Amino acid sequence: MYRFLLKPKWILFHVLCIVLVGTMVQLGFWQLHRLQDRRSFNSEVTERAAMPVAPYTDVVTPATDPDQVQWRRVVASGTYLPDEQLIEINRAQNGAAGVNVVTPMRLDDGTVLLVNRGFAPSPDMTNAEAPPAPTGPVEIEGRLRVSDVRSFGEFTEPEGELTQIQRIDIPRLAPQLPAPLAPVYVDLVASKPAEPAGLAPVPDPELNEGPHLSYMLQWWFFSLCVVVGWVIAVRRSIGQRRKEASGALSAADGRTVQGSPLPVDDEPATAPS
């Protein structure tokens with residue numbers, strides 16, 4: 001009755017179901033890990049953003065690991081270097097395409113700090129068209145950020161000096177700046193004197209869990225559907241074979257009865273007197 005399960009097409013069906021279930025379960029765990037990473041990120045941002053605003057030089061020292069201070073709020077003072085300004089292209093904010101204007105600032109200790117001054121909703125903006133940075137001594141407050149890394153699908157930055165960039169890649173930009181470059185950059189929050197109109201501050205990161213929980217449950221539900229489908233297919237095949245076997249047995253019994261003589265009553269029927 002069950003030997004059909006070992007036929008080649010059934011073996012292929014079993015293997016396919018096992019592969020699908022295994023793949024979907026792994027995808028579910030992958031989404032679970034991404035959810036855990038997102039929760040850890042949210043906790044990190046919330047905890048560090050709640051720390052008191054501190055001087056840049058107190059937070060970032062030669063021994064500082066940039067990853068350990070990202071999202072801290074700091075204050076720094078210095079002078080912008082407008083001739084070294086950069087335009088970060090292919091940005092989007094509040095549904096609008098545009099650019100970020102990144103202007104290096106020479107700090108009081110001589111170090112250069114990249115400052116993301118904000119977003120301009122003008123995808124084709126050039127350095128000449130960007131709102132000018134405040135001149136003279138400037139005091140800023142902002143969020144510390146680590147160097148951006150190339151993500152999948154982004155082009156490699158060309159060789160030579162850049163005026164347009166796709167990401168704030170600190171090691172890539174360091175050779176073209178006139179002084180040692182800080183290992184972090186700053187998303188500007190406030191400035192004294194104030195920034196001119198035309199730039200919107202880069203918003204805080206979104207602290208949500210994203211769709212990872214629902215995706216995890218969906219993948220595991222799909223894997224359960226495959227298991228249920230396999231059980232239904234096997235049970236239907238077994239039921240069909242039992243039905244065919246029962247029909248064949250009934251037909252065989254009918255042929256035996258038809259070929260046998262009927263029993264005969266030898267005693268004559270007599271009417272009651």
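In this text, all values refer to a predicted model and were calculated from it rather than measured experimentally.
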Trainee: If only side-chain N and O atoms count, and only distance matters, is there a donor-acceptor pair under 3.5 Å linking Glu139 with Ser77?
Mentor: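 Result is no, nothing qualifies.
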Trainee: Applying ring pair (Phe, Tyr, Trp, His ring centres under 6.0 Å) as the test, list every pair that has at least one member in residues 35-56; sequence neighbours left out.
Mentor: Phe41-Trp71
Trainee: When the ring planes of His14 and Trp10 are compared, do they come out parallel, tilted or perpendicular, using 30° and 60° as the limits?
Mentor: tilted
Trainee: Regarding Arg106 and the six-membered ring of Tyr80, is the cationic atom NZ or CZ under 6.0 Å from the ring centre and inside 45° of its axis?
Mentor: no
Trainee: Apart from Phe29 itself, what residues make up its hydrophobic cluster, given side-chain heavy atom links below 4.5 Å?
Mentor: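 In the cluster with Phe29 are Leu16, Leu20, Val21, Met24, Val25, Leu27, Trp30, Leu32, Leu35, Leu213, Met216, Leu217, Trp219, Trp220, Phe221, Phe222, Val226, Val227.
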Trainee: Is it true that a side-chain atom of Glu141 and a backbone atom of Arg73 form a donor plus acceptor pair closer than 3.5 Å?
Mentor: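 Checking the backbone N and O of Arg73 against the side chain of Glu141, no donor-acceptor pair under 3.5 Å is found.
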Trainee: With no hydrogens and no angle check, is any side-chain donor or acceptor of Arg72 less than 3.5 Å from a backbone partner on Val59?
Mentor: no
Trainee: Is Ser237 reaching over with its side chain to a backbone N or O of Ala233, donor-acceptor style, under 3.5 angstrom?
Mentor: yes
Trainee: Atom CG of residue position Asp67 - does it have more than 12 heavy atoms of other residues, nucleotides or ligands inside 6.0 Å?
Mentor: yes
Trainee: Check whether the side chains of Thr163 and Asn127 place a donor and an acceptor atom closer than 3.5 Å, and report yes or no.
Mentor: no
Trainee: Mind listing the closest non-hydrogen atom pair of Ala133 and Thr103 along with its distance?
Mentor: CB-CG2, 4.3 Å
Trainee: Keeping the roles fixed (side chain from Ser40, backbone from Asp37), state whether a donor-acceptor pair exists under 3.5 Å.
Mentor: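 No; judged by distance alone, with no hydrogens or angles, the pair does not exist.
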Trainee: Side-chain atoms of residues 177-202: list all donor-acceptor pairs with protein atoms under 3.5 Å, sequence neighbours left out, distances to 0.1 Å.
Mentor:
from	atom 1	to	atom 2	distance (Å)
Tyr185	OH	Asp148	OD1	3.3
Asp187	OD1	Asn116	ND2	3.2
Asp187	OD2	Arg145	NH1	2.9
Ser191	OG	Pro193	O	2.5
Glu195	OE1	Arg117	NE	3.1
Glu195	OE1	Arg117	NH2	2.7
Glu195	OE2	Arg117	NE	3.0

Trainee: With no hydrogens and no angle check, just 3.5 Å: does a side-chain donor-acceptor pair link Ser43 and Thr46?
Mentor: no
Trainee: Taking Val234's backbone N and O only, do any of them form a donor-acceptor pair with Arg236's side chain (distance below 3.5 Å, no angle check)?
Mentor: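 Checking the backbone N and O of Val234 against the side chain of Arg236, no donor-acceptor pair under 3.5 Å is found.
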